[in-house]
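Scroll down for the structure; my scribbles are underneath it.
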Amino acid sequence: MKMETPELAPASAPAKTSIQVIERMMALLDALANYSDPVSLKELSKVSGLHPSTAHRILNDMVVTRFVDRVEPGTYRLGMRLLELGNVVKSRLSVREAALDFMRALHKKTQQTVNLSVRQGDEIVYIDRAYSERSGMQVVRAIGGRAPLHLTSTGKLFLSIDDAKAIRAYATRTGLAGHNKNSITDLARFERELGLVRARGYARDNEELELGVRCMAAGIFDDSGKLVAGLSISAPADRLQEEWLEDLVQTASSISATLGYRPAPPI
């Protein structure tokens, strides 16, 4: 007796249809994300490339699930359910978790030590690091180690967003104590240094913390635009390469984007 082979195509069709619906839903969400004001069905259909009837049907389903709000007949905007889910993701995602893979990639490219640091009072604290013995530099401060803000590249990033009164108060508290001949211990000179950090958007440590070690740092921002950490490359003073700066800034921007940061559009 000859056995007939079962038809597989019908079984795979629903899966394909489901994936197609998800793709169309995402196209509409992406389209809505490009507008700050409610958007018409006609415009959403045009931007997403979907037929108006298809877009309308999917939008209706997303309105029911609160992924989309219908502001008035025919106009839509992103719904509060997305904010609720975003807050859940945010609560689970730490800077350290967001940064780790990016840090490893930057270390692989530069072969130098990559540090992740946060501010605690008048010091920075090293919370993670990507490095190897091949970097040619001994790691002086372990994870959990601390250093004065004014002697580190990341510390300068944090001080650069303080106002003049707060910076002078910091100088009074710490005395801008130096570690070596390269440390900036004069307030006027240090204020000029912070001005350069603000103008450039990144900071440097030219052997101010440890002789023979230079660093460059870029800021990491969260979804509210707050500076929450600094990403830095540390290298022997004679090996730090300027071309790494672009990679560093881009990596810090990628981590910020993972945390939900969106830079303000240019005016």
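Computation of the quantities below employed the complete heavy-atom set of this structure, encompassing side-chain atoms and omitting hydrogens, waters and symmetry-equivalent molecules.
- Under a hydrophobic-cluster definition in which Ile, Leu, Val, Met, Phe, Trp and Tyr are linked whenever side-chain heavy atoms come within less than 4.5 Å, directly or via other members, L59 and M26 are assigned to the same cluster.
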Exercise for review: Please step through side-chain contact (heavy atoms from CB on, under 4.5 Å) for the pair L44 and L50, ending with a clear verdict.
Suggested key: CA-CA 8 Å; L44 288 172; L50 298 175; over 6 Å; no
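- For the pair L149 and R119, the minimum side-chain heavy-atom distance is below 4.5 Å.
- Nearest heavy atoms, S256 versus G219: OG-O, 4.0 Å.
- Hydrophobic clustering places V125 together with V114 (ILVMFWY residues linked when any side-chain heavy atoms are closer than 4.5 Å, directly or through intermediates).
- In this structure, the separation between CG on L159 and CG on L194 is 6.0 Å, given to the nearest 0.5 Å.
- Salt-bridge formation is detected for the pair D247/K109: a Lys NZ or Arg NE/NH1/NH2 atom is positioned less than 4.0 Å from an Asp or Glu carboxylate oxygen.
- A donor and an acceptor atom, one from each side chain of Y131 and H107, are nowhere located under 3.5 Å apart.
- Looking at D162 and R168, no side-chain N of the basic residue comes within less than 4.0 Å of a carboxylate O on the acidic one, giving no salt bridge.
- A salt bridge does not link R214 with E208: every distance from a Lys NZ or Arg NE/NH1/NH2 to an Asp or Glu carboxylate oxygen is 4.0 Å or more.
- Taking both residues in full, the closest heavy atoms of A235 and W244 are given as CB-CZ3, 4.1 Å, listed atom of the first, atom of the second, then distance.
- Contact check for L259 versus V228: side-chain heavy atoms found under the 4.5 Å cut-off.
- Distance check, rounded to the nearest 0.5 Å: CG of D30 to CE of M25 gives 10.0 Å.
- Under the 4.5 Å side-chain criterion, counting only non-hydrogen atoms from C-beta, P148 is in contact with Y170.
- Taken together through direct or relayed side-chain contacts under 4.5 Å among Ile, Leu, Val, Met, Phe, Trp and Tyr, Y202 and V118 form part of one hydrophobic cluster.
- Residues Y76 and L32 are in side-chain contact: their nearest non-hydrogen atoms beyond the backbone lie under 4.5 Å apart.
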Practice item. Evaluate the side-chain contact (heavy atoms from CB on, under 4.5 Å) criterion for residues T75 and L41: first the C-alpha distance (whole Å), next the side-chain angles of each, then the deciding distance (0.1 Å), finally the verdict. Key: CA-CA 6 Å; T75 61; L41 174 62; over 6 Å; no
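- Here L209 contributes atom CG and N182 contributes atom CG; the two are 11.0 Å apart, rounded to the nearest 0.5 Å.
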Point to revise | R198/S160 under side-chain contact (heavy atoms from CB on, under 4.5 Å): CA gap, chis, key distance, verdict | key: CA-CA 6 Å; R198 293 186 198 99; S160 73; 3.9 Å; yes
Exercise for review: Show your reasoning for whether salt bridge (charged side-chain N to carboxylate O under 4.0 Å, His left out) applies to E207 and K181.
Suggested key: CA-CA 9 Å; E207 301 184 69; K181 62 184 178 65; over 6 Å; no
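- Summarising the geometry of A252 relative to L231, their closest heavy-atom pair is N-CD2, 4.0 Å, with the distance given to 0.1 Å.
- Of all non-hydrogen atoms in S117 and Y126, the two that sit nearest each other are OG-CD2, 3.4 Å.
- Side-chain contact check for F67 versus L85: some heavy-atom pair is nearer than 4.5 Å.
- Electrostatic pairing of R77 and E72 does not count as a salt bridge here, judged by no charged N lying under 4.0 Å from a carboxylate O.
- The line from CG of D222 to CG of L227 is 9.0 Å long, rounded to the nearest 0.5 Å.
- Taken to the nearest 0.5 Å, the CD1 atom of I233 stands 7.5 Å off from the OG1 atom of T251.
- Salt-bridge annotation for E242 and R204: present, with a side-chain N of the basic residue lying under 4.0 Å from a carboxylate O of the acidic one.
- Side-chain contact of Y35 with E43: a donor-acceptor pair under 3.5 Å is present, judged by distance alone.
- Side-chain atoms of I184 and L176, non-hydrogen and from C-beta on, never get closer than 4.5 Å to each other.
- Across all non-hydrogen atoms, the minimal contact from L151 to H179 is CD1-CD2, 3.4 Å.
- For T174 and D122, the side-chain atoms include no donor-acceptor pair closer than 3.5 Å.
- For G230 against L157, the heavy-atom pair with the smallest separation is CA-CD1, 4.5 Å.
- Heavy-atom neighbours of E243 CD from other residues, nucleotides or ligands within 6.0 Å: above the threshold of 12.
- Linking ILVMFWY residues whenever their side-chain heavy atoms come closer than 4.5 Å, directly or via other members, places V197 and I161 in the same cluster.
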Review point. Please walk me through it: do S234 and N115 pass side chain to side chain donor-acceptor pair (under 3.5 Å)?
Key: CA-CA 8 Å; S234 301; N115 309 289; 2.8 Å; yes
